[in-house]
Amino acid sequence: MIDLKRVTFFSFFLMAVIIGFGTLRAFQNLGPDFFVFFKAGEHVLTNHSHWIYQDSPDRFLYAPGFAWLMSGFALLSREMGLAIWCLLKAFGWGLFVKKASENLKFFGQPAWVPASLALVFFARPLIIDFQYGQINSFIVIVGFLTLLNRIKSNESTQSSFLYWFLFSILAFSKLFPLPMILVPLMATSGLPPKRVQAERLGVLLGLIFIGGLPFLFEGRNALDLYFQWFVALKSKGLPIETHNQSFIAFLIRFFTDVKTPVIAMGGKNIGLGYEWLSLKTVQLIGSIFSVLVSGLIVYWVGVFKKKSPWIWMTVLLALLIVPSHLIWKPYFIFGIPIAALAIKNTLEDWSSGWFDVVLLFLVFFSINFTSFDFVGMNLYLYLEASSIFLFSYLVLVVRTIQKN
């Protein structure tokens with residue numbers, strides 16, 4: 001029998017180490033992505049919003065309104081703003097563990113162990129998210145709390161409105177999580193009409209708020225900001241360096257003769273594939289894959305109340321990143337909620353579930369121990385180029401669906 005107190009303490013300790021190390025790395029690197037947000041907020045404060053997409057430490061690829069949201073941090077020093085940013089993330093992940101534990105039972109008790117170990121399971125992406133000062137943690141946490149609110153029958157209409165309002169703001173800022181706002185439109189089975197109306201109103205007002213902020217302060221000039229945003233998104237193109245774990249990047253790297261940049265080797269271009277397929281064919285296959293997964297997301301939204309609440313909620317969150325042609329490693333923290341469910345199921349079925357124990361370990365190893373520090377540069381190059389993060393992630397999702 002598992003000693004839950006000791007295991008809980010150990011899992012909390014590991015979680016704290018991961019978050020602490022991520023925060024330390026953030027200050028060592030001064031959060032380069034956070035600095036992009038910070039600089040955009042600074043432009044807003046100094047009435048130079050037209051520079052948001054022009055003058056940036058890196059490319060600012062977010063909705064114009066997000067710069068206004070970040071202007072509050074720009075009132076502080078960069079270091080103080082980053083400290084608060086990391087503190088809010090740490091608080092958010094603590095809230096995730098608390099809410100997940102209270103609502104997901106583990107041996108009849110609150111699931112503190114699976115919820116906290118889920119952060120450890122995706123340690124490397126989570127550390128990178130902290131290190132670069134990214135926004136992904138906030139999207140995952142708010143998205144999780146929003147869906148958790150929906151599957152609980154006793155929640156108020158006010159909380160439903162607030163969660164969907166906040167989520168739609170974050171989703172519009174980064175775009176790829178937007179398919180989740182289909183939930184209040186499509187998945188209404190068994191819910192009181194007032195809650196559905198509150199959710200829809202939250203989404204609508206959230207989109208109006210984040211979309212309208214530039215117009216409130218810039219008037220018609222905001223249209224130019226939206227045009228610049230469109231140009232910035234278009235100009236990012238399709239990065240095929242090994243860091244990009246998307247399916248289409250994998251196809252280009254191995255099924256065409258296009259040379260692959262390797263950041264770990266100073267951006268050196270390496271030939272990994274052969275001209276088995278034309279670039280147009282690969283792009284077509286990649287587009288079909290994205291359309292199919294997008295269709296799967298829409299279908300999954302519609303099976304609300306037909307699937308068990310936890311599997312419905314966690315799979316939906318996990319799938320949000322998959323259709324994209326650009327999937328950086330920290331995006332995989334969208335799998336933390338489904339990892340909590342997978343860990344719970346595996347630990348509760350330890351004696352008869354050795355296959356799942358091994359599978360879970362292999363996914364964990366693939367995500368956290370395939371850097372060149374552990375496997376050497378040659379093997380690392382091929383593992384990362386093969387989009388090992390994506391395929392391991394999909395194995396976790398598919399197996400968890402099968403088990404539930």
Side-chain angles (χ1 to χ4, degrees), residues 4-34 82-102 104 106 110-145 243 245 314 317-318 321 327-344 346-347 357 360-375 380 384 388-389 392-393 396:
L4 281 180
K5 287 186 178 180
R6 289 186 178 181
V7 175
T8 300
F9 175 81
F10 183 65
S11 62
F12 279 0
F13 172 76
L14 290 178
M15 179 183 69
V17 168
I18 297 302
I19 291 176
F21 184 67
T23 304
L24 176 63
R25 292 294 295 270
F27 278 94
Q28 288 175 338
N29 293 272
L30 286 179
D33 282 358
F34 173 79
L82 180 60
I84 294 174
W85 189 253
C86 290
L87 184 63
L88 288 173
K89 277 189 186 181
F91 173 80
W93 282 115
L95 184 61
F96 163 81
V97 170
K98 180 178 184 296
K99 292 293 184 180
S101 301
E102 291 172 349
L104 184 65
F106 179 58
W112 297 107
V113 173
S116 51
L117 285 182
L119 275 68
V120 180
F121 191 86
F122 281 97
R124 191 174 167 198
L126 187 59
I127 289 170
I128 297 173
D129 182 85
F130 269 86
Q131 175 181 335
Y132 283 86
Q134 296 187 338
I135 190 180
N136 299 306
S137 283
F138 296 112
I139 300 174
V140 178
I141 294 162
V142 174
F144 171 79
L145 294 175
H243 274 24
Q245 296 291 290
T314 57
L317 281 171
I321 69 169
I327 307 177
W328 302 125
K329 292 172 186 173
Y331 289 13
F332 290 96
I333 61 174
F334 277 79
I336 287 177
I338 200 170
L341 181 61
I343 292 168
K344 168 196 175 296
T346 303
L347 291 179
V357 173
L360 211 59
F361 173 78
L362 289 176
V363 174
F364 170 74
F365 183 88
S366 298
I367 289 171
N368 294 286
F369 296 101
T370 51
S371 67
F372 60 83
D373 300 308
F374 291 99
V375 298
Y380 157 79
E384 185 175 68
I388 191 171
F389 273 60
S392 299
Y393 184 82
L396 174 68

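- A donor-acceptor pair is defined here as one N or O able to donate and one able to accept, closer than 3.5 Å; such a pair exists between the side chain of Ser116 and the backbone of Val113.
- Annotation for Ile18 and Leu126: closest pair CG2-CD2, 4.0 Å, computed over non-hydrogen atoms.
- Heavy-atom minimum distance, Pro114 versus Ala340: CB-O, 3.4 Å.
- Side-chain contact between Asn136 and Trp328: absent, with no pair of heavy atoms (C-beta onward) separated by less than 4.5 Å.
- Expressed to the nearest 0.5 Å, how far CG of Leu362 lies from CD1 of Ile367 amounts to 11.0 Å.
- Ring centroid separation for the pair Phe374 and Phe369 comes in under the 6.0 Å cut-off.
- Relative ring orientation between Phe96 and Trp93 is described as perpendicular, the plane-to-plane angle rising above 60° on a 0-90° scale split at 30° and 60°.
- Checked by atom type, the side-chain pair Ser11/Trp112 shows no donor-acceptor distance below 3.5 Å.
- Below 30°, between 30° and 60°, or above 60°: for Trp85 and Phe34 the angle between ring planes is between 30° and 60°, a tilted geometry.
- Between Phe334 and Tyr393, the closest side-chain pair of non-hydrogen atoms falls below 4.5 Å.
- Residues passing the salt bridge (Lys or Arg N to Asp or Glu O under 4.0 Å) test with Lys99, sequence neighbours excluded: none.
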Checklist entry - Hey, mind stepping through Phe121 and Leu396 against side chain to side chain contact (heavy atoms under 4.5 Å, CB included) and telling me if it holds? => result CA-CA 11 Å; Phe121 191 86; Leu396 174 68; 4.1 Å; yes

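- Rounding to the nearest 0.5 angstrom, the gap separating the CZ atom in Phe12 from the CG atom in Leu119 is 11.0 Å.
- The closest side-chain heavy-atom distance from Tyr331 to Gln245 is not below 4.5 Å.
- Here the straight-line distance linking atom CG of Asn368 with atom CZ of Phe389 works out to 7.0 Å at 0.5 Å rounding.
- The shortest distance between side-chain heavy atoms of Ile343 and Leu360 falls below 4.5 Å.
- For Tyr132, the OH atom counts as loosely surrounded, since its 6.0 Å shell holds 12 or fewer non-hydrogen atoms of other residues, nucleotides or ligands.
- Closest heavy-atom contact between Lys89 and Ile141: O-CD1, 4.3 Å.
- Taking every heavy atom of both residues into account, Asp129 and Ser137 meet most closely at OD2-OG, 2.7 Å.
- Shown here for Cys86 and Phe130, the closest heavy-atom pair between the two residues is O-CE2, 3.7 Å.
- Residue Gln134 comes nearest to Pro330 through the heavy atom pair OE1-CG, 2.9 Å, listed as atom of the first residue, atom of the second, then distance.
- A 4.5 Å side-chain heavy-atom check between Phe332 and Ser392 finds every atom pair outside the cut-off.
- Rounding to the nearest 0.5 Å places CZ of Phe144 at 8.0 Å from CG of Leu317.
- In this structure, Phe10 CZ and Leu117 CG are separated by 8.5 Å, a value rounded to the nearest 0.5 Å.
- Judged by distance alone, the side chain of Glu384 and the main-chain N or O of Ser371 form no donor-acceptor pair under 3.5 Å.
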Identify all side-chain donor-acceptor contacts of residues 22-32 below 3.5 Å with residues at least two apart in sequence or on another chain.
{"from": "Thr23", "atom 1": "OG1", "to": "Ile19", "atom 2": "O", "distance (Å)": "2.8"}
{"from": "Arg25", "atom 1": "NH2", "to": "Gln131", "atom 2": "OE1", "distance (Å)": "3.3"}
{"from": "Asn29", "atom 1": "ND2", "to": "Arg25", "atom 2": "O", "distance (Å)": "2.8"}

